[in-house]
Number of protein chains: 2
Amino acid sequence: MAMSVPLPQKDGRMSEKNKQQGLVTEGCESEEFQRLALDSHLCFAIYKANHAFNRFYKPLMKELGITYPQYITLLALLEKDGQRVSDLGETLFLESNTLTPLLKRLEEMGLVKRKRSAKDERQVIISLTAQGRALGQGICEVQRCAVDGLEMSMDDVQHLVRELNRVQEMLVKAGR
Amino acid sequence: MAMSVPLPQKDGRMSEKNKQQGLVTEGCESEEFQRLALDSHLCFAIYKANHAFNRFYKPLMKELGITYPQYITLLALLEKDGQRVSDLGETLFLESNTLTPLLKRLEEMGLVKRKRSAKDERQVIISLTAQGRALGQGICEVQRCAVDGLEMSMDDVQHLVRELNRVQEMLVKAGR
DNA sequence: AGCGATTAAATCGTTTGCGATATAAATACG
DNA sequence: CGTATTTATATCGCAAACGATTTAATCGCT
């Protein structure tokens, strides 16, 4: 989600009431506040873009009978099949507490198989069924819609992806 | 408690089919696949960055005793107090089904008041309590941490925000 | 004024996300 | 060996997101 939220305001000024109520921390008119505000916008911009992807994909997902996280999970499996739950978790930044129920639903839908590894009975290997792989074709359709809708050059998209990954890595690094 | 026997624990041998199971969907080597892959990368990069912001803020939020969505809601109220539920929803891209329970929790914590409008009994006006406003002081601290962690120039951030907003707008436009 | 349509919030059911904990298998070590 | 520790997954409980529906108040139209 996001930080300081750019409210849809008619006039961008703070009301007198807000000012005297101390609703805004002192020193937020400073130059540093500009950076803080920008950060807020970045955070919120990412939240909004993610939300927009969610909403955009949802009706297309619905036709395929899956949800957005399920779609992301299938994408990860399309790239590399036969992963362990923890591998998927590393890719998707999720853990078994989230993935196990999700994968069980995908299994019930007949899209993936869940099977204990023979070498290490603790591990569960997730692999796509024929049906799950077939759904991948539909996913390519979905993506075609998305790409057409975006109307961005490949270079622009590539640059954007790099910047986002940079932000993500910095946040991970800073969070330790 | 037993693991609810989700999977056979003892006879689990990996089939040959599983071992050799292919990793890439057929027919995705084309030039078009490049674009499709990029799209999924963009979608995934936004997903990752959003997760990273979430994880980064969580420990800071915990010190304030609130969750991330609650924090954002308070931020929106700090910028403009006394909003209706639907105003908050417009800002945050949420609706009453999500906001009502969240606001009730904030009310129980003594951070906001919920009051039916006298003019229109359908509307509920949300306003910060003194305690809720006081919590706003800690919020600038949180933002400062975020900015320091990012280590990005204002120009880079600004450009990224513009690109993300562009993507968001295009997705909204394309989704109709 | 009367009544159907619209609007705002709340409620319900399902999925997701996550911290904390439990369970079972594998590993380390004494 | 056998037992303590670690590892992988699963379970539990709560918060959140959201589609669908409900309830109550207001609006619009005749």
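Quick note on labels: first sequence line is chain A, next is B, and so on, each numbered from 1. Please read these numbers as outputs of a predicted model, since none were measured by experiment.
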Chemist: According to side-chain contact (heavy atoms from CB on, under 4.5 Å), who are the partners of A:F93, at least two apart in sequence or on a separate chain?
Modeler: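 In terms of side-chain contact (heavy atoms from CB on, under 4.5 Å), with neighbours along the sequence ignored, A:F93 is linked to A:Q168, B:K48, B:H51.
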Chemist: Which pairs pass ring pair (Phe, Tyr, Trp, His ring centres under 6.0 Å) with one or both residues in residues 109-137 of chain A, sequence neighbours excluded?
Modeler: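 Those involving residues 109-137 of chain A do not exist here.
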Chemist: Determine: side-chain N/O of B:S86 to OP1/OP2 of C:dT7, distance under 4.0 Å, yes or no.
Modeler: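 Result: no.
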Chemist: Have a look at A:R105 and say if it touches a base, only the backbone sugar-phosphate, or nothing, with a 4.0 Å heavy-atom cut-off.
Modeler: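 Base contact.
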Chemist: Please list each protein N or O that sits under 3.5 Å from an N or O in nucleotides 2-4 of chain C, with the distance.
Modeler:
none

Chemist: What's the shortest heavy-atom distance between B:L160 and A:E163, and which atoms?
Modeler: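 Here B:L160 and A:E163 meet closest at CD1-CB, 3.6 Å.
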Chemist: Scan the side chains in residues 118-125 of chain B for donor-acceptor partners under 3.5 Å anywhere in the protein, sequence neighbours excluded, and list what turns up.
Modeler:
{"unit_1": "B:D120", "atom_1": "OD1", "unit_2": "B:R122", "atom_2": "N", "d": "3.0"}
{"unit_1": "B:D120", "atom_1": "OD1", "unit_2": "B:R122", "atom_2": "NE", "d": "3.1"}
{"unit_1": "B:D120", "atom_1": "OD2", "unit_2": "B:R122", "atom_2": "NE", "d": "3.4"}
{"unit_1": "B:D120", "atom_1": "OD2", "unit_2": "B:R122", "atom_2": "NH2", "d": "2.8"}

Chemist: Looking at A:F44 versus A:Y47, is the centre-to-centre ring distance below 6.0 Å?
Modeler: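 Yes, the ring centres sit under 6.0 Å apart.
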Chemist: Please state how far atom CG in B:L88 lies from atom P in C:dA10, giving the value in whole angstrom units.
Modeler: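 Distance, rounded to whole Å: 11 Å.
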Chemist: How many whole angstroms separate atom CZ of A:R114 from atom C1' of D:dA10?
Modeler: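 My rounded result for the distance is 9 Å.
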Chemist: Checking A:N54 side chain against A:N50 main chain: does a donor-acceptor pair fall under 3.5 Å?
Modeler: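 Checked: pair present.
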Chemist: B:L102 has a side chain; which of D:dA17, C:dA8, D:dT9 sits nearest to it?
Modeler: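 The closest nucleotide is D:dA17.
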Chemist: If you check every side-chain atom of B:K104, which of D:dT9, C:dT16, C:dA10 has the closest atom?
Modeler: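 Closest nucleotide to the B:K104 side chain: C:dA10.
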Chemist: So if I take every side-chain heavy atom of B:T100 and compare against D:dA8, C:dA10, C:dA9, which nucleotide ends up nearest?
Modeler: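 The listed nucleotide nearest to B:T100's side chain is C:dA10.
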Chemist: Measure the distance from CD on A:E107 to C1' on D:dT9 and round it to the nearest whole Å.
Modeler: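 Distance check: A:E107 CD to D:dT9 C1' gives 14 Å.
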Chemist: Using whole Å, what does the distance between atom C1' of nucleotide C:dA9 and atom CG of B:D87 come to?
Modeler: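 In whole Å, C:dA9 C1' lies 13 Å from B:D87 CG.
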Chemist: According to salt bridge (Lys or Arg N to Asp or Glu O under 4.0 Å), does anything in residues 82-101 of chain A pair up with another residue at least two apart or in another chain? List the pairs.
Modeler: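 The answer is A:R84-A:D87.
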Chemist: Using the side-chain heavy atoms of A:Q70, tell me which of these nucleotides is nearest: C:dT15, C:dA9, D:dA10.
Modeler: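 Within the option list, the nearest is C:dT15.
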Chemist: Can you build the contact string for nucleotides 18-26 of chain D? Use B for base contact, S for sugar-phosphate-only contact, and - for no protein heavy atom under 4.0 Å.
Modeler: BBB----BS
Chemist: Got A:E107 and A:L103 here, is their nearest side-chain heavy-atom distance under 4.5 Å?
Modeler: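 No, side chains not in contact.
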Chemist: Which of parallel (below 30°), tilted (30 to 60°) and perpendicular (above 60°) describes A:Y68 and A:Y57?
Modeler: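 Because their plane-to-plane angle is under 30°, the rings of A:Y68 and A:Y57 count as parallel.
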